[in-house]
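To start, the structure under review is shown below, and the notes come after it.
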Amino acid sequence: MQKPRPAPRAAGAGLRAWVELLRLPALFTVPGDALAGAAAAGARPNPRTLLAIGSSLCLYEAGMALNDWADRAEDTVDRPHRPLPSGRVKPAAALAAAGGLTLAGLALASRAGRRPLAVAGALAATVWSYDLVLKRTPAGPVAMAAARGLDLLLGGVTSGGDTRKAVPSALTLATHTLAVTTVSRHETQGGSPWAPLTALATTTALTWSLTHDPADRAGAPRASGPPPQNASTATAPTFRDPPPRPRGLTLDIATLSGALTTLYAVTSARPLLHAALNPSPPLTQRAVGGGIRAMIPLQAALAARSGAPVTALLTAALAPAARRFSRKVSVT
């Protein structure tokens, strides 16, 4: 009697290879970009926000597949276990996946209108430029930072808010991404402690700005001025001067923002300190992984500072899953 073929095992191995190629646990860090962008732009999450999240997920995974395709020769030496150099995924399949996912991301953004499509187009161009041209140049970390900032702005413009208000949050996320990407350039060879030390200083500066920024709407006092000249002027609501929130809600938002900022600092700073003390490849890779996971509490803190506690909590809820699955599949 002929033995059955081990098709399930082969199928499972193929699926595992694609999970590694696309670094699926890192996907948990993506939805928070659009959610934080919507909150910073003054919009509540809506069906258009889901389009931004879908577009971001597709473009992010396109970048992952394209990254390994572009690095396949280098990975043959430094990471022979990766899906492409090990032969578990064909280079042509990875490149086709990158192209298909890019088109899918742009198609989803186009459903929300021309402005979201324009931002998604700029994001896609930045991703492809980084992977194919800029990655090994001094402009590489800046390009990656720009991509993450654009991703947050995509959430703001797609959700229908004021995109200009989301720029400070986008710059904050981009600054963190710049620091993490700079460290990642040394994750296969190790090297100097200066990269993790610089990233640690960046984390400290961002933590300070998140807790002390005078423009923080969660806790900043309202400006005072001369009393109005008549009652009608005093009571007439305006778009630029919304009614103040109840004091209890303001305190809750400030507390939530502080807690999320602390979680961000701990998640990012601890592995960076270890990598600075011993800049070996394993500890450097762990620092990069910590920096990637730290994006979730950072996104949540930005949403809380924008006065969106529910959005902040929904974003923060992704952190345990990201940590759990990153133990099974590397996010770097």
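Note that the coordinates shown come from a computational prediction; the quantities given were computed from them, not determined experimentally.
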Under the salt bridge (charged side-chain N to carboxylate O under 4.0 Å, His left out) definition, can you give me all pairs with a residue in [range], not counting sequence neighbours?
range            : result
residues 30-45   : Asp33-Arg148
residues 283-304 : none
residues 125-147 : Asp71-Lys135, Asp71-Arg136, Glu74-Arg136

(request) With sequence neighbours excluded, tell me which residues meet ring-ring contact (aromatic ring centres under 6.0 Å, His included) with Tyr60. (result)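 Residues passing ring-ring contact (aromatic ring centres under 6.0 Å, His included) with Tyr60: none at all.
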Check salt bridge (charged side-chain N to carboxylate O under 4.0 Å, His left out) between [X] and all other residues, then give those that pass, not counting sequence neighbours.
X      : answer
Arg82  : Asp68
Arg88  : Glu20
Asp162 : Arg164

(request) Write out all pairs satisfying side chain to side chain donor-acceptor pair (under 3.5 Å) with one or both partners inside residues 89-113, taking only residues at least two apart or from two chains. (result)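 Found Thr102-Trp128.
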(request) Could you tell me which residues satisfy side-chain contact (heavy atoms from CB on, under 4.5 Å) with Thr207, sequence neighbours excluded, listed by chain and number? (result)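 side-chain contact (heavy atoms from CB on, under 4.5 Å) list for Thr207, sorted by chain: Thr203, Thr261, Tyr264, Ala265.
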(message) Could you list the cluster mates of Trp194? Members are the ILVMFWY residues connected by side-chain heavy atoms closer than 4.5 Å, either directly or through other members.
(response)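 Members other than Trp194 - counting any ILVMFWY side chain reachable under 4.5 Å - are Leu197.
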(message) Taking transitive links into account, so neighbours of neighbours count too, which hydrophobic residues share a cluster with Leu283 at under 4.5 Å side-chain distance?
(response)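 Under the 4.5 Å side-chain rule, Leu283 groups with nothing.
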(request) Please collect all ring-ring contact (aromatic ring centres under 6.0 Å, His included) contacts where either partner lies in residues 304-332, sequence neighbours excluded, each pair once. (result)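 Found Phe28-Phe325.
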